[in-house]
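Both counts, for ligands and for their atoms, begin at 1 and track the order of listing.
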Amino acid sequence: MGMKLCRFELNGQVCVGLSLDGQHLINLTAAGIERLTPLLESDNLSKRLVALAKSGLPIHKVAAVRLLAPVERQEVWAAGVTYLRSKKARMEESDFSATAYDRVYDAPRPEIFFKSLAEKVVATGEPVGIRRDAKWNVPEPELALVISSRGEIVGYTAGNDMSSRDIEGENLLYLPQAKVYDRSCALAPWIAVGVSESQVRQWNIGVKIVRKGKVIFAGETSVGQIKRGFKELADWLCRSQSFPNGAVLLTGTGVVPGDDFTLATKDVVRISISGVGDLENVVAVV
Ligand code: DO4
Ligand code: MG
């Protein structure tokens, strides 16, 4: 198992943690590391974490703390139409925007859109939202790149790019309303560090949607199905735009439920990315 960073709350204090086994947390805040962002800016993060892991810091059980979203002041952005499945589903849902999806899939410039401020990101265990004026809502389980202020990919997490398909499908100019609203962006608590792109491309992305205790949708894809390189996506995001606090970039969905499926209030969305872990949220109307 690799190294994973997180933010967690213990006795009312927000701390930074490192896990080597997914079950226990090394409390890095006990070594004076009070924020995740400066740690993610470290020149040799893996080496620094290996040294910290050996330094006898207090250890907590993951089950005994509250895991928070792994962002402080990072903006969250999202890339789209990076998997064939997403292109196909979106071309089907829209009359006059179909060629836009077709073109962007093959164009050198990817689709990239703003998704969330850090303070609006939903953590695991908190509700994600469906808009009260939307009729067709889906989760989008996505690998997320964690990017430093230098534009380097320093880790990976999992995200949910909640989307209103009827609003996006009616008119592509409505995309920001289909994508950005209260509780529309959730991030898993863990940032996997010290892994290469080729290792991450072996990971699976899965989603299960549970209604009244029954799985009503399950889908899976491999990160390897993504059309674009990670550095390519991060470079496009950072073109003519600086991120002094770093950024998170969702990399697009490769799992889309059938056209007859829409989320309902109280559904539970479970997203799992091997190598990262789980993100679980109940659905609420906002
Ligand atoms: O073009 C609209 C959004 C695409 C998207 O969010 C995705 O492919 O994941
Ligand atoms: Mg998406």
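- No side-chain N or O of Thr82 forms a donor-acceptor pair with one of Lys227 less than 3.5 Å apart.
- Of all atoms in ligand 1, listed by their number and element, those nearer than 4.0 Å to a heavy atom of Tyr101 are 1 (O), 2 (C).
- The closest protein non-hydrogen atom to atom 6 (O) of ligand 1 is Lys179 NZ, 2.7 Å.
- Ligand-side atoms of ligand 1 in range of Gly80: 4 (C), 5 (C), 7 (C), 8 (O), range being under 4.0 angstrom from any heavy atom.
- The Mg ion (ligand 2) sits nearest to atom OE1 when only the N, O or S atoms of Glu140 are considered.
- For the residue pair Ser164 and Gln177, no side-chain donor N or O sits within less than 3.5 Å of a side-chain acceptor on the partner.
- Closest to atom 2 (C) of ligand 1, if we only count protein heavy atoms, is Glu168 OE2, 3.1 Å.
- In the vicinity of Gly252, heavy-atom distances shorter than 4.0 Å reach the ligand 1 atoms 9 (O).
- An angle of 110° is found at the Mg ion (ligand 2) between Glu142 atom OE2 and Asp161 atom OD2, rounded to 10°.
- In this structure, Lys115 contributes its side chain and Lys179 its backbone to a donor-acceptor pair below 3.5 Å.
- On a distance-only criterion, Thr253 and ligand 1 share at least one N/O pair closer than 3.5 Å.
- A heavy-atom distance below 4.5 Å is not found between the side chains of Ile191 and Val154.
- In this structure a side-chain-to-backbone donor-acceptor pair under 3.5 Å is missing from Thr124 to Pro189.
- Residue contacts with ligand 1: Val81 is placed with a nitrogen or oxygen under 3.5 Å of a nitrogen or oxygen of the ligand (distance criterion only).
- Using a 4.0 Å cut-off to heavy atoms of Glu142, the atoms of ligand 1 that qualify are 9 (O).
- Here the heavy atom of the protein found nearest to atom 4 (C) of ligand 1 is Arg90 CZ, 3.3 Å.
- Using a 3.5 Å distance cut-off with no hydrogens or angles, the side chains of Ser94 and Arg90 do not pair a donor with an acceptor.
- Every atom of ligand 1 is numbered from 1 in the order shown, and the set under 4.0 Å from a heavy atom of Leu175 is 2 (C).
- Side chain of Ser184 to main chain of Met162: no donor-acceptor pair is present (N/O by atom type, distance under 3.5 Å, no hydrogens or angles).
- Every atom of ligand 1 is numbered from 1 in the order shown, and the set under 4.0 Å from a heavy atom of Asp161 is 6 (O).
- Each of the following atoms of ligand 1 lies closer than 4.0 Å to a heavy atom of Ser86: 7 (C), 8 (O).
- Although no hydrogens or angles enter the test, the distance criterion places a donor-acceptor pair under 3.5 Å between the side chain of Glu41 and the main chain of Ser149.
- A cation-pi arrangement, defined by a distance under 6.0 Å to the six-membered ring centre and an angle within 45 degrees of its axis, is absent between Arg132 and Tyr181.
- Near Phe113, the atoms of ligand 1 lying under 4.0 angstrom from a non-hydrogen atom of the residue are 3 (C), 6 (O).
- In this structure, the separation between CZ on Arg48 and CG on Leu18 is 11.5 Å, given to the nearest 0.5 Å.
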